[in-house]
Amino acid sequence: MAPSHAEPSVAGPSYLDAERGLWSWLTTRDHKRIGVMFLAVLLLMFLLGGVFALALRVELLTPGETVMGRLAYNRAFTVHGVVMVWLFLIPSIPTAFGNFLLPLMIGARDVAFPRLNLASFYLYMLGAVMTLWGVFQGGVDTGWTFYTPYSTVTGREVMPVLLGVFVVGFSTILTGINFITTVHTMRAPGVTWMKVPLFVWALYGTSIIQVLATPVLGMVLMLVALERVAGAGLFDPSRGGDPLLYQHLFWFYSHPAVYIMVLPGMGVISETVCAFSRKRPFSYRVIVWSTVGISFVGFLTWGHHMFVSGQSTFGAGAFSVLSMLVAIFTAMKIFTWLGTMYRGSLWVSTPFTYVLGFIFLLFFGGMSGVAVAVTSADLHWHDTYFVVAHFHFIMVGASLMAFLAALHYWFPKMFGRMYPEGMGIGTAVLIIFGFIATFLPQFLLGNLGMPRRYADYPEAFQPLHVASTAGASLLGFGFLIVAVYLGWSLRHGRAAGRNPWGSEGYEWLSDSPPPEFNFHAPPRFPRPPHDYANPGANTEVEHAA
Amino acid sequence: MSDLMRRILFLPEAASSLAPRVDRLHFFIIGTTFVVGAGIGLTGLFFLVRYRRGRAPAQEPTMAAPTWMEAAFAGVPLAFFLLWGALGFQDYVWARTPPRDALDVYVTGKQWMWKFAYPDGPGMVGVLHVPTGTPVRLLLTSRDVIHSFYVPAFRLKMDALPGRYTEVWFEAVMPGRYRVFCAEYCGLDHSRMRAEVVALEPAAFESWRARQLAQPTWVADEYSGEEGTRGPLARRGAVVATRQGCFQCHTIDGTPHIGPSWLGLYGREEPLASGDSVRADVAYLTESMMDPLAKVVAGYAPVMPSFHGRLSAGEVGALVEYIKSLQPERPEPPPAQEPTYGPLPR
């Protein structure tokens with residue numbers, strides 16, 4: 001049973017009650033409120049992207065036209081991709097959980113630039129509104145990658161979407177700068193670099209990628225806009241441009257962006273594995289240095305998206321090897337998580353169920369990534385459903401599982417309430433099963449030769465599509481259940497108490513939900529996070545006296 | 001064994017000399033993945049049972065990975081990955097180095113069809129005939145956006161880029177008809193941009209080819225049954241212009257007549273009666289044929305009739321191509337050369 005430190009909260013109102021009214025939320029500079037606002041908007045985006053995902057799966061149930069025409073299909077997969085990638089996955093864990101937890105986890109009162117933090121929320125909102133306006137005004141049919149020259153010649157509403165994503169990019173950069181500064185300058189006394197919680201390390205690595213890579217994305221989106229409006233001729237060969245230039249620039253950002261999505265998830269897993277094994281990490285330094293390694297090597301692998309594009313043969317070989325290095329860091333993490341479980345005291349809770357799903361799915365997502373990074377194998381798999389399945393394993397199997405793990409693990413911290421645990425575990429199993437049923441057939445479809453982004457396909461592909469669609473409906477149903485019981489728990493869940501999981505993470509030292517400035521008194525962290533040998537060694541000043 | 005694996009993994013038949021090479025590595029990677037994946041899954045399950053809270057022995061709080069184990073975490077997978085990378089790269093280099101005696105075929109991707117042409121002879125839309133047991137080198141390009149030529153049964157894929165040539169080669173090992181897909185998203189009918197490779201025994205291929213050469217129908221499907229339809233598209237444009245009476249108002253020697261002369265028209269910035277100006281590009285020329293009064297060039301009377309419904313899409317294309325070809329001073333084209341092998345200039 002969980003050790004519960006549910007002492008009656010005597011000191012001060014929580015951040016939720018500190019001020020009241022909509023206006024106090026909209027103008028807040030409290031990182032926790034900003035995190036919660038992000039969370040709410042992100043869940044909406046996830047819903048939107050998910051509805052389109054199901055629509056796509058229904059369309060693909062039969063060859064030929066099932067429920068929508070080809071133009072509608074092309075627009076629908078674009079909406080799904082744009083919303084899921086740019087408006088959900090990239091900001092998801094850093095902006096919602098990072099904002100909420102990062103200061104708590106290093107014993108700070110807030111982030112370094114609270115106003116900038118609020119500005120990054122509004123920039124995100126502005127970008128999201130612009131993007132969605134474009135998407136629903138005329139529809140976009142370029143896919144989320146906006147490949148030129150198609151994106152410069154299609155007659156659809158590409159401009160607002162390009163500009164919207166550009167603006168969202170600014171939000172990402174600001175969040176990154178904020179986090180980096182916060183980690184450097186605001187750690188509580190005693191929190192040395194090698195005592196920084198692993199989730200914070202993951203956010204730090206992510207922020208570095210965000211700050212360094214996102215400007216390249218912004219630039220290339222501007223170039224596409226320039227090409228569309230002014231006919232700049234950068235990508236149009238008839239004006240002396242290079243159609244491949246776009247792909248190089250785009251993937252120079254967008255490959256590291258995969259790690260913007262996955263690294264924070266890995267951080268979540270590192271935290272939760274320790275908490276539910278009641279053990280310190282098997283190797284703290286492996287997790288830290290592999291995080292740093294991923295954020296560095298992630299920049300050197302973009303060419304593996306272009307093995308069949310006409311890039312030089314030697315270049316393909318070099319990018320192939322460099323891509324292997326990223327996989328190594330991921331493998332090291334997986335082994336370390338397993339090692340952490342070894343001889344622990346495992347508590348099978350909802351977050352931990354997602355952790356187990358995450359580790360298993362990340363393994364197959366990562367290995368299929370290695371497979372497509374093998375140059376000759378990619379000749380067959382490139383741009384087929386194998387790749388679709390691969391990146392969904394990474395982005396959904398890893399990022400989304402981690403998001404759900406984070407949501408369940410920190411839900412009590414954020415809202416001070418518990419959710420029905422049996423329901424949570426059951427749904428987690430359903431979601432993992434639905435996920436495998438959705439995407440495993442897509443690997444096989446890719447083997448069979450089904451290219452991606454197809455509204456229509458030869459009949460031979462149908463059985464696997466039917467299986468995939470069936471899995472997707474299970475998956476959608478699972479998310480629905482999560483939404484219902486978490487929504488219910490917000491109001492009616494039983495009070496969580498300060499530390500319902502008995503975790504030694506620094507953030508659990510504060511109340512649940514935390515007070516306005518995170519701690520009642522300055523915290524003291526003499527022991528590393530996740531140190532279960534000395535429970536209760538980390539305290540606030542007043543308790544220590 | 002190989003066939004069984006292929007069936008389990010849903011791989012299509014292996015119909016090229018490249019396919020077995022790709023598949024072998026595929027089986028190696030997938031096999032290793034499943035063995036290790038099962039290992040990880042079972043280890044996780046075992047831990048879950050063995051170290052379940054309550055059943056677990058007293059915890060070992062100081063346990064940490066020894067350095068050799070950390071090194072093994074990195075070293076063992078790295079060895080596997082590099083091995084795969086090296087084996088794969090070997091095959092990849094092979095797949096991208098056409099033999100010198102390969103038969104050349106020019107492949108043009110276009111929204112939304114594949115066109116094939118041999119250097120000396122017939123061209124086809126949607127069907128590529130090749131002999132088995134003979135290396136075939138494809139020289140790919142695109143007329144509009146990026147396409148990707150994909151033959152699953154050959155494990156072969158290469159992008160076709162506008163303004164560039166890419167090359168790839170294959171050798172079909174058994175006669176048959178193989179599906180060609182476009183694998184790079186290219187717009188509305190991307191999913192219907194399909195074609196077929198018909199692999200014939202060398203003798204059957206030669207007789208097919210002899211028939212084609214005896215009865216050449218250039219780009220046969222599009223212009224059948226018209227006089228003067230062989231040869232460049234621009235020549236067809238001239239025929240269409242004569243038949244439609246374009247020369248009653250337009251000249252091709254630069255003299256203005258009832259309408260602007262076509263000489264040097266293409267790409268020129270034309271002042272309009274409305275005060276604006278317009279570049280005479282494909283879009284404007286097409287618009288002028290369909291809706292001539294929309295943008296009348298300054299100095300000319302708005303008298304041109306609409307040709308909407310009187311010109312087929314192919315005829316419009318031919319006319320535009322013809323107008324494009326009428327440039328006052330054109331540099332001499334470089335002398336024709338035999339196709340050369342080796343890396344193409346990029």
Side-chain angles (χ1 to χ4, degrees), chain A residues 70-71 74 143 147 149-150 153-154 237-238 243 278-280 282-283 286 308-310 313 316-317 320-321 324 327-328 331-332 335 338-339 341-348 356 359-360 363-364 367 370-371 374-377 379-380 382-383 444 447-449 451 453-457 532-533, chain B residues 9-12 21-22 25-26 29 33 37 40-41 43-44 47-48 51-53 56 59-65 70 73-74 77-78 81-82 84-85 88-89 91-93 95-96 145-146 148 150 152 155-159 161-164 166 181 183-192:
Chain A
R70 297 188 301 288
L71 179 60
N74 294 347
Y147 265 22
Y150 185 71
V153 298
T154 177
S238 66
R278 298 197 60 74
K279 240 177 106 226
R280 70 163 64 173
F282 193 45
S283 175
V286 162
V308 301
S309 69
T313 307
S320 171
V321 171
M324 304 297 176
I328 290 300
M332 290 163 78
F335 292 137
L338 274 183
M341 289 162 62
Y342 175 61
R343 302 184 72 177
S345 173
L346 308 187
W347 177 2
V348 186
L356 295 174
I359 294 177
F360 196 66
F363 173 78
F364 283 101
M367 287 301 285
V370 173
V374 170
T375 36
S376 73
L379 289 175
H380 181 55
H382 184 80
D383 270 343
L444 300 175
N447 278 351
L448 205 50
R453 295 174 167 169
Y454 263 30
D456 185 12
Y457 55 82
Y532 289 86
Chain B
L9 294 174
F10 282 75
L11 284 166
R21 289 172 172 244
V22 171
L25 195 55
H26 185 155
I29 296 172
T33 302
I40 287 180
T43 311
F47 286 177
L48 215 55
Y51 303 119
R52 187 87 175 268
R53 174 163 303 191
Q59 57 200 353
E60 194 123 351
T62 53
M63 182 165 15
E70 291 173 346
F73 285 175
L78 185 65
F81 295 170
L82 289 182
W84 295 338
F89 190 55
D91 290 344
Y92 179 78
V93 170
R96 297 206 36 180
V145 300
I146 300 175
S148 190
Y150 177 33
R155 316 286 188 271
L156 180 84
K157 191 178 288 121
M158 182 49 78
D159 285 3
L161 300 153
R164 281 203 192 193
T166 50
F181 291 116
E184 182 66 68
Y185 175 71
C186 58
L188 184 64
D189 264 333
H190 170 54
S191 58
R192 301 221 175 138

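Treat the numbers as computed from the prediction; the structure is a model and nothing was measured. Reminder, nothing fancy here: chain letters follow the sequence lines and each chain counts from 1.
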Considering only heavy atoms and a distance below 4.5 Å, find which of [options] pairs most often with chain A.
options                       : result
B:G163, B:P162, B:C186, B:G41 : B:P162
B:L78, B:I29, B:V22           : B:L78
B:V93, B:L82, B:L188          : B:L188

To the nearest 0.5 Å, atom CZ of A:R70 lies from atom NE2 of B:H190 at 12.5 Å
Please list, chain by chain and in numerical order, all residues satisfying side chain to side chain donor-acceptor pair (under 3.5 Å) with A:H380, sequence neighbours excluded. B:Y150
Across all chains, not counting sequence neighbours, the side chain to side chain donor-acceptor pair (under 3.5 Å) partners of A:S320 are none
Aromatic ring centroids of B:Y185 and A:Y147 under 6.0 Å?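 No.
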Determine yes or no for a side-chain-to-main-chain donor-acceptor pair under 3.5 angstrom, with A:D456 supplying the side chain and B:S191 the backbone.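 The answer is no, because no donor-acceptor pair under 3.5 Å joins these two groups.
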Relative to chain A, which segment of [X] carries a heavy atom at a distance below 4.5 Å: side chain, backbone, both, or neither?
X      : answer
B:L156 : backbone
B:A183 : both
B:L25  : side chain

Of the backbone (N, CA, C, O) and the side chain (C-beta and beyond), which part of [X] lies under 4.5 Å from a heavy atom of chain B, both, or neither?
X      : answer
A:P149 : both
A:L444 : both
A:F360 : side chain

Considering only heavy atoms from C-beta outward, does the side chain of B:R155 approach that of B:R21 to under 4.5 Å? no
Can you tell me which of [options] forms the most heavy-atom pairs within a distance under 4.5 Å of chain B?
options                        : result
A:T375, A:T313, A:L448, A:D383 : A:T375
A:F363, A:Y457, A:F364         : A:F363
A:G143, A:G317, A:G339, A:S238 : A:G317

Minimum-distance pair of heavy atoms, taken over all atoms of A:V308 and B:M158: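 Taking every non-hydrogen atom into account, O-SD, 3.3 Å.
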For the residue pair B:F47 and A:Y342, categorise the inter-ring angle as parallel (less than 30°), tilted (30 to 60°) or perpendicular (more than 60°).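 The rings of B:F47 and A:Y342 sit tilted, inter-plane angle from 30° to 60°.
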